[in-house]
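Read through the structure below, which is laid out as structure tokens, and then see the notes.
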Amino acid sequence: MVLYSFYIFDRHTECIYSRRWTPRPASSGKSARPASNSSNLSAADATHLPTRRALTHSDDEKLVFGLVFSLRNLVTKLGGDDDTFLSYRTGEYKLHYYETPTRMKFVMLTDTKVVNLRQHLHQIWAQLYVEYVVKNPLAPTEHPGGIGVANEMFEAGLETFITKVLPV
Amino acid sequence: MVVFALFVINKAGGLVYNREFHTGMTKLTSNDYLTLAGSFHGMHAITARLSPAPPVPNPLPASTAPSPFINRPTGLEVLESSHFRIQCFQTQTGTKFLLFTEPQQPNVDAMIKRIYELYADYVMKNPFYTVEMPIRCEKFDRGLDGFVKVRG
């Protein structure tokens, strides 16, 4: 399976941890633009400006949060309060979602062929986040700006988890 | 097998058709449905923007005119929740068909294509129908009824 990115959001809507395994495509927004002259297509492609400014990583985080927040609201509105949003798939990627009882949100973007990763996101919370971040006496209770989350143990644990536990 | 409802959202994000086949989803006011359709339209656009995979290179030779339809990220196609599943099909002109089914429903793709055919036959070919406006076509209603009931 291909893993694109992983985000943790706290209950104050802030992204406290994010990790990406692919660079942001530089050509987003301009791939479908017709070039004026087909003979120097590559040159035109390289010089013309994207139709919209490319998204930065922090833009991505905000978009992902806003999106899962709205989708969660849509799902509870239609399915009742005990209904939970699990995942969605587009033609390019699949987004997996897990929310803890304390409203922390774990989001993972993978390729489209992966089965639901909710269980695995729950494991990341229970076995890595709780163990290495919550139980760390030096970490603050809240994590404004992500302070205390990306510590050595958590990073190493996440790395091992991704390589060993996640379905290939 | 259970099909809960069908929504048709026009290219501007307005809800033009809303039909419930089976109870099971929360009953909302028509205003709420309109809001939901509008916000879904926005979310769909964001899901297309978030695409993390590098764009697939154009398969056609450079001499042919570039088509605006290939290489375009699709946006949300299937949404799963613990109680239901939403299949979204977007036509080339931006109209979206949302089908709400049970989580383990097979063959939703074929079903939504068939609904698109019904739409093309009974709504688009109806001379009294104004595009982008709410759909009030009896034949479309009956076609859907027959189709969903036969399937059920």
Side-chain angles (χ1 to χ4, degrees), chain A residues 2-5 20-35 38-42 45 52 55 59-60 63-64 66-97 109-112 116 118, chain B residues 4-5 7 20 24-29 32-33 35-58 60-88 90 98 100 102-103:
Chain A
V2 185
L3 198 55
Y4 293 124
S5 48
R20 282 169 205 81
W21 287 270
T22 45
R24 178 90 216 157
S27 57
S28 73
K30 71 170 182 182
S31 52
R33 283 260 298 225
S38 58
S39 62
N40 59 357
L41 185 74
S42 56
D45 224 19
R52 270 181 256 166
L55 291 170
D59 285 343
D60 264 357
L63 275 182
V64 169
L67 184 67
V68 293
F69 184 82
S70 324
L71 285 174
R72 193 188 63 123
N73 282 354
L74 178 133
V75 163
T76 41
K77 212 165 186 182
L78 285 169
D81 283 334
D82 55 340
D83 197 0
T84 49
F85 165 51
L86 301 175
S87 67
Y88 76 75
R89 179 178 68 73
T90 77
E92 285 79 31
Y93 66 100
K94 185 168 178 175
L95 179 142
H96 308 265
Y97 178 73
L109 268 71
T110 66
D111 66 318
T112 52
N116 203 308
R118 188 183 148 84
Chain B
F4 291 122
F7 286 13
E20 200 173 326
M25 294 202 313
T26 318
K27 200 94 190 96
L28 297 174
T29 61
D32 281 342
Y33 283 123
T35 326
L36 278 185
S39 42
F40 184 86
H41 182 72
M43 290 186 261
H44 189 274
I46 294 177
T47 56
R49 280 285 270 164
L50 273 177
S51 177
V56 188
N58 198 329
L60 294 172
S63 54
T64 54
S67 153
F69 298 127
I70 45 173
N71 270 351
R72 193 164 63 173
T74 57
L76 195 151
E77 283 179 350
V78 183
L79 183 145
E80 283 173 72
S81 87
S82 49
H83 289 198
F84 60 87
R85 174 190 147 111
I86 306 175
Q87 180 92 18
C88 174
Q90 190 178 27
L98 259 63
F100 296 76
E102 274 189 323

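Quick note on labels: first sequence line is chain A, next is B, and so on, each numbered from 1.
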So which residue, [options], ends up with the most heavy-atom pairs under 4.5 Å with chain B?
options	answer
Gly80(A), Ser70(A), Gly66(A)	Ser70(A)
Asn73(A), Leu63(A), Leu86(A), Leu74(A)	Leu86(A)
Asp82(A), Thr112(A), Val64(A)	Asp82(A)

**Asked** Should Thr26(B) and Lys77(A) count as side-chain neighbours, where that means a heavy-atom distance under 4.5 Å?
**Response**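 Answer no - side chains too far apart.
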Could you give the distance from [atom1] ([X]) to [atom2] ([Y]), rounded to the nearest 0.5 Å?
X	Y	atom1	atom2	value
Leu67(A)	Arg49(B)	CG	CZ	13.0 Å
Glu80(B)	Arg118(A)	CD	CZ	12.0 Å
Thr74(B)	Tyr93(A)	OG1	OH	8.5 Å

Proximity breakdown for [X] and chain B, heavy-atom pairs closer than 4.5 Å:
X	value
Phe85(A)	both
Leu78(A)	both
Lys94(A)	side chain
Leu95(A)	neither

May I ask you to decide if [Y]'s main-chain N or O and [X]'s side chain share a donor-acceptor pair within less than 3.5 Å?
X	Y	answer
Ser51(B)	Glu92(A)	no
Thr90(A)	Leu76(B)	no
Ser82(B)	Thr84(A)	yes
Tyr88(A)	Thr47(B)	no

**Asked** For Leu28(B), is it the side chain, the backbone, both or neither that has a heavy atom under 4.5 Å from a heavy atom of chain A?
**Response**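 Contact with chain A: side chain only.
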**Asked** For Phe100(B), is it the side chain, the backbone, both or neither that has a heavy atom under 4.5 Å from a heavy atom of chain A?
**Response**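 Only the side chain of Phe100(B) comes within 4.5 Å of chain A.
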**Message:** Looking at every heavy atom in both Ser81(B) and Val75(A), which two are closest together, and how far apart are they?
**Reply:**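 Residues Ser81(B) and Val75(A), closest heavy atoms: CB-CG1, 3.6 Å.
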**Prompt:** With chain A, which of Thr35(B), Leu36(B), Asp32(B), Val78(B) has the greatest number of heavy-atom pairs at distances under 4.5 Å?
**Reply:**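 Of the candidates given, the most pairs with chain A belong to Val78(B).
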